[in-house]
Every structure is written in structure tokens, then in C-alpha cells.
> 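My questions all concern the structure below.
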Amino acid sequence: LPLFERLEKRIVEGEVNGLEADLDAAMREKNPIDIINENLLAGMKVVGELFGSGQMQLPFVLQSAEVMKTAVAHLEPHMEKTDSGGKGKLLLATVKGDVHDIGKNLVDIIVSNNGYDVVNIGIKQPINAILEAAEEHRVDAIGMSGLLVKSTVVMKDNLQEMNSRGVARKYPVLLGGAALTRTYVENDLDEVYEGDVRYAKDAFEGLKLMDRVMA
Ligand code: B1M
């Protein structure tokens, strides 16, 4: 197989042997971000489709996720870093009940490579932990990620909780993850939240929104 198809196949098949050599060869032809967006994420999309249609079992999905993480970790040091930090601070968490973190961690990489400080508190984070960390680190915005349909409900509950604690105007919220839609965030959730809530379809839109929040 040609190099870039092989990379995609490595994600689908969860094949880590030879991965780093392929990534090094790929980086001679295009930049690490394009490799992630065009090849590795294409592989994860196939994984999602196979899993969703019952053609792939969970342990194999996990293996693909591990290969994805290894690949991103290998590419990350080679990414362009524009600024040295200090443009503002973003808290990132995957919401309660949800373990998916590949997307959130990509947002972390993109946003922190572009001049922001990121406090990434991990997966399955209840709103209490999110708000405690936000206070402790004095963040400028809170980003929540979630991929399960039930996470969209958790996000709504979180926003309501933030309203009732009186912190909605303090924290603009960025939301992302495959189960969300722009309409749900910009219509339904925007009506719920007393502060500013925005939808990011990918990590770069997350960065753009962070630029807007800090402007
Ligand atoms: Co899960 N899973 N999974 N899974 N998994 C999905 C989400 C699913 C759609 C698969 C499917 O059925 N086709 C489905 C959800 C269905 C639903 O809710 N209706 C599903 C399911 C069902 C499950 C379990 C329930 C399976 C089970 O146990 N029976 C279980 C859930 C456990 C739990 O959370 N409590 C489960 C577990 C897992 C693994 C652990 C095996 C693994 C995750 C490993 C990990 O993350 N460490 C996994 C994976 C890998 C997937 C799929 C295949 C791929 C997800 C991924 O990493 N994509 C996924 C299929 C899919 O998404 N279609 C699936 C790549 C990643 C870069 O994309 O996270 O969307 P994504 O991020 C994007 C954007 O959304 C955006 O930026 C990124 C791109 O730049 N973004 C943000 C994300 N967060 C953002 C935050 C922002 C801004 C942008 O600002 C704050």
C-alpha cells in the first residue's frame, strides 16, 4: 500500500509495528496536522463506522485508539508552535460518564501550540471538579468534550448548574464532540446558559473561538 493509505490502515487495524517509521516518512511530505486530519482521522472514522455497524468489537476499537494516541504523541513535537503562551487560559475536560479523550487532547495540542495555557483535567469529570479546577487555575474559559449522546444531556445539566451557581457570566463555555450538533448548541444550549456558549466542530474551531473569547 502507498504510505498514506498504509497509515490510515494502521489506525483501522490497530497496528503499531512500523508506525513511527511511516510517520517520519509522512512528515517529509506534509505537516503533522495534515497527517492527523487527512489520514489518521480518516482511519478513526472507519473504526467508528465498523464499530457502529457491529463489524468491529470494542477491544479492537481500543487498540485503534491506542495507535492513534501513539501517532499523535510522535507527531506532536514536530508541530509548529506560533507563540510562547500567555494569551489566555482554557480548562479542558471530558464530561462525567464519558471516557473519550482523543478529540479533547487534540484540542489541547492545537490550542496550547497557539499561545494559550491549557489545564486538561482528563475524562469523566463531574461539574464540581470542572468548576473547582477552573477556580484554582483562574481560567478564562471552560471547554467540555463528550462523544456519547448522553454527554449532550450532561453538558446541558452542567450549564444549568453553572447558572445556579452564578458563574455563567464568568466562564464562556466551548463545547465539542461527535454527538453534538451546531444547532443544538447554538439554539437549545444557548437558550439555557446565561453566559456565552459556543460550538466547535473541530480543534481549529476551538482555537478560533478561544481567540474570540480573548479578543
Ligand atoms: Co466509543 N463510541 N464507546 N470508544 N468511540 C463512539 C463515540 C460511537 C459513536 C461509536 C459508534 O457506535 N459508532 C458510540 C457512541 C454512540 C452514542 O452515544 N450514541 C460509542 C460507544 C457506544 C462507546 C461505548 C459505550 C461502547 C461500550 O462500552 N459498549 C464506550 C463508552 C464508554 C464511556 O465513555 N463511558 C466506548 C468506548 C470507546 C473506547 C474506550 C474503546 C474508545 C475511546 C478511547 C479514547 O478516547 N481514549 C472509543 C472510540 C475510539 C470511539 C470512536 C470509534 C472514535 C472516537 C475518536 O476518538 N474519534 C467513536 C466513533 C465516532 O466518533 N464516530 C466512538 C477521533 C476524535 C479526534 O474525534 O473526539 O469527535 P472527536 O473530536 C473531534 C471533534 O469532535 C472535536 O475536535 C476533534 C477533531 O479536531 N472536538 C472538540 C472534540 N471535543 C472537542 C472539544 C472542544 C472543541 C472541539 O472544545 C472544548
> If I compare all heavy atoms of Val139 with all of Tyr171, which pair ends up nearest, and what's the gap?
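Taking Val139 first and Tyr171 second, the nearest heavy atoms are O-CE2, 3.6 Å.
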> Using the ring of Phe4 (Phe, Tyr or Trp, six-membered ring only), decide whether Lys30 places NZ or CZ under 6.0 Å from its centre and within 45 degrees of its axis.
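Ring-cation test returns yes.
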> Whether Glu76 and Lys69 form a salt bridge (side-chain N of Lys/Arg under 4.0 Å from carboxylate O of Asp/Glu) is what I want to check.
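Judged by the 4.0 Å cut-off on N to carboxylate O distance, Lys69 and Glu76 do not form a salt bridge.
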> Can you measure from CZ (Phe204) to CG (Asn114) and round to the nearest 0.5 angstrom?
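The distance works out to 7.5 Å.
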> I'd like to check Ile109 versus Met79 (side-chain heavy atoms, cut-off strictly below 4.5 Å). Are they in contact?
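Yes, at least one pair of side-chain atoms sits under 4.5 Å.
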> How many angstroms lie between CE in Met162 and CG in Asp157, if you round to the nearest 0.5 Å?
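If I round to the nearest 0.5 Å, the distance is 13.0 Å.
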> What are the two closest heavy atoms between Ile142 and Ala134, and how far apart are they?
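In terms of heavy atoms, the two residues are closest at CD1-CB, 3.9 Å.
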> Looking at every heavy atom in both Met155 and Ser145, which two are closest together, and how far apart are they?
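Residues Met155 and Ser145, closest heavy atoms: CE-C, 3.5 Å.
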> When you measure from the side chain of Thr152 to the backbone N and O of Leu148, does any donor-acceptor pair fall under 3.5 Å?
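No, Thr152 side chain to Leu148 backbone: no donor-acceptor pair under 3.5 Å.
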> Apply the test side chain to side chain donor-acceptor pair (under 3.5 Å) to residues Asn163 and Arg169: give CA-CA distance (whole Å), side-chain angles for both, the deciding distance (0.1 Å), then the verdict.
CA-CA 8 Å; Asn163 285 342; Arg169 305 220 180 272; over 6 Å; no
> For side chain to side chain donor-acceptor pair (under 3.5 Å), just list the numbers for His74 and Asp24, CA-CA rounded to whole Å, side-chain angles, deciding distance to a tenth of an Å, and then say yes or no.
CA-CA 9 Å; His74 188 74; Asp24 290 339; 2.8 Å; yes
> Identify the two heavy atoms, one from Ala71 and one from Leu40, that lie closest to each other, and give their separation to 0.1 Å.
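Of all heavy-atom pairs spanning Ala71 and Leu40, the closest is CB-CD1, 3.7 Å.
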> For the residue pair Met144 and Leu174, establish whether any side-chain heavy-atom pair is separated by less than 4.5 Å.
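No. Closest side-chain heavy atoms not under 4.5 Å.
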> Going from CD1 on Ile127 to CD on Glu132, what distance comes out if it is rounded to the nearest 0.5 angstrom?
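Reported value, rounded in 0.5 Å steps: 10.5 Å.
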> At what distance, to the nearest 0.5 angstrom, does CE of Met44 lie from CD of Glu49?
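That separation rounds to 11.5 Å.
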> Is it the case that the side chain of Ser151 and the backbone of Val154 share a donor-acceptor pair, with hydrogens and angles ignored and the cut-off at 3.5 Å?
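Pair absent, no side-chain N/O of Ser151 close to backbone of Val154.
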> Are Leu23 and Ile102 in one and the same hydrophobic cluster, where Ile, Leu, Val, Met, Phe, Trp and Tyr link if side-chain heavy atoms are under 4.5 Å apart?
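Yes: a chain of side-chain contacts under 4.5 Å links Leu23 to Ile102.
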> Could you give the distance from CD1 (Ile110) to NZ (Lys208), rounded to the nearest 0.5 Å?
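Those atoms lie 13.0 Å apart.
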> Considering only heavy atoms from C-beta outward, does the side chain of Lys124 approach that of Val95 to under 4.5 Å?
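They are not in contact (no side-chain heavy atoms under 4.5 Å apart), so the answer is no.
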> Taking the side chain as C-beta and beyond, is there a heavy-atom pair between Tyr193 and Gln160 under 4.5 Å?
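Tyr193 vs Gln160: side chains apart.
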> Can you tell which of Val213, Val197, Leu189, Leu91 makes a side chain to side chain contact (heavy atoms under 4.5 Å, CB included) with Val173?
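Testing each of Val213, Val197, Leu189, Leu91 against Val173, the sole residue satisfying side chain to side chain contact (heavy atoms under 4.5 Å, CB included) is Val197.
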> Would Leu180 and Leu209 show up in the same hydrophobic cluster when neighbours are defined by side-chain heavy atoms closer than 4.5 Å?
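As far as the 4.5 Å side-chain criterion goes, Leu209 and Leu180 are not connected within one cluster.
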> Taking it one step at a time, do Lys170 and Glu194 satisfy salt bridge (charged side-chain N to carboxylate O under 4.0 Å, His left out)?
CA-CA 10 Å; Lys170 186 169 175 185; Glu194 288 162 10; over 6 Å; no
> Quick one about Asn31 and His78 (side-chain donor to acceptor, distance below 3.5 Å, no hydrogens or angles considered), yes or no?
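No, Asn31 and His78 have no side-chain donor paired with an acceptor closer than 3.5 Å.
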> Could you walk me through whether Phe60 and Val47 satisfy the side chain to side chain contact (heavy atoms under 4.5 Å, CB included) test, starting with their C-alpha distance in whole Å, then the side-chain angles of each, then the deciding distance to 0.1 Å, before giving a yes or no?
CA-CA 9 Å; Phe60 296 97; Val47 171; over 6 Å; no
> Using a strict threshold of under 4.0 Å (side-chain N to carboxylate O), is an ion pair present between Glu5 and Lys9?
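Glu5 and Lys9: not salt-bridged.
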> Just by modelled atom types, is the Lys201 backbone N or O under 3.5 Å from a matching donor or acceptor in the Glu205 side chain?
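Judged by distance alone, yes, a pair lies under 3.5 Å.
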> Under the side chain to side chain contact (heavy atoms under 4.5 Å, CB included) criterion, do Leu75 and Met27 qualify, and how do the steps go?
CA-CA 8 Å; Leu75 295 171; Met27 279 190 283; 3.7 Å; yes
> Ignoring hydrogens and angles, state whether a donor on the side chain of Tyr199 or Asp190 is under 3.5 Å from an acceptor on the partner side chain.
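Judged by distance alone, the side chains do not pair up.
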> Quick check on the hydrophobic clustering: are Leu131 and Val192 connected, directly or via other members, by side-chain heavy-atom contacts under 4.5 Å?
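Same cluster: Leu131 reaches Val192 through Ile, Leu, Val, Met, Phe, Trp or Tyr contacts under 4.5 Å.
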> With no hydrogens and no angle check, just 3.5 Å: does a side-chain donor-acceptor pair link Asp101 and Thr94?
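Note: Asp101 and Thr94 side chains miss the donor-acceptor criterion.
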> Do Leu3 and Val72 land in one hydrophobic cluster if side-chain heavy atoms of ILVMFWY residues count as linked below 4.5 Å?
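Same hydrophobic cluster.
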> Look at atom CD of Gln55 and say whether more than 12 heavy atoms of other residues, nucleotides or ligands are closer to it than 6.0 Å.
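Yes.
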> With rounding to the nearest 0.5 angstrom, report the CE to NZ distance, Met210 to Lys89.
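The CE atom of Met210 sits 10.5 Å away from the NZ atom of Lys89.
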> Less than 4.5 Å apart, any side-chain heavy atom of Leu7 and any of Leu19?
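In short, these two side chains touch, coming nearer than 4.5 Å.
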> Is Lys87 close to Asp211 at the side-chain level, that is, under 4.5 Å between some pair of heavy atoms?
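They are in side-chain contact.
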> Given 3.5 Å as the limit, does a donor-acceptor pair link the side chain of Ser112 with the main chain of Asp117, or not?
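Absent.
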> Run the salt bridge (charged side-chain N to carboxylate O under 4.0 Å, His left out) test against Asp196 and tell me which residues pass, sequence neighbours left out.
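Residues passing salt bridge (charged side-chain N to carboxylate O under 4.0 Å, His left out) with Asp196: Arg198.
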> Mind running side chain to side chain contact (heavy atoms under 4.5 Å, CB included) on Gln57 and Phe51 for me, showing each step along the way?
CA-CA 6 Å; Gln57 300 303 310; Phe51 180 55; over 6 Å; no
> Looking at Glu15 and Asn17, would you say the former's side chain and the latter's main chain have a donor-acceptor pair under 3.5 Å?
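Present.
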> Give a yes or no answer on whether the side chain of Arg10 reaches the backbone of Val67 with a donor-acceptor pair at less than 3.5 Å.
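No: the side chain of Arg10 does not pair with the backbone of Val67.
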> Between Gln125 and Ala129, which heavy-atom pair has the shortest distance, and what is it?
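That would be OE1-CB, 3.3 Å.
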> So, using salt bridge (charged side-chain N to carboxylate O under 4.0 Å, His left out) as the criterion, who are the partners of Arg6 when residues are at least two apart?
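For Arg6 the salt bridge (charged side-chain N to carboxylate O under 4.0 Å, His left out) partners, ignoring immediate neighbours, are Asp22.
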> In terms of hydrophobic clustering (I, L, V, M, F, W, Y; side-chain heavy atoms under 4.5 Å; direct or indirect links), are Val111 and Ile33 co-clustered?
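Yes; tracing contacts between hydrophobic side chains, which count when under 4.5 Å, links both residues.
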> Ignoring hydrogens, what is the shortest heavy-atom contact between Leu90 and Gly143? Give both atom names and the distance.
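Scanning both residues completely, I find the closest heavy atoms to be CD1-N, 3.7 Å.
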> Within the 4.5 Å heavy-atom criterion, are Val119 and Leu92 side-chain neighbours or not?
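When only atoms from C-beta onward are counted, Leu92 and Val119 do not touch, as no gap falls below 4.5 Å.
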> Could you walk me through whether Gln63 and Leu58 satisfy the side chain to side chain contact (heavy atoms under 4.5 Å, CB included) test, starting with their C-alpha distance in whole Å, then the side-chain angles of each, then the deciding distance to 0.1 Å, before giving a yes or no?
CA-CA 9 Å; Gln63 217 169 306; Leu58 200 61; over 6 Å; no
> Would you call Leu41 and Ile36 a side-chain contact if the rule is heavy atoms closer than 4.5 Å?
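Answer yes - side chains close enough.
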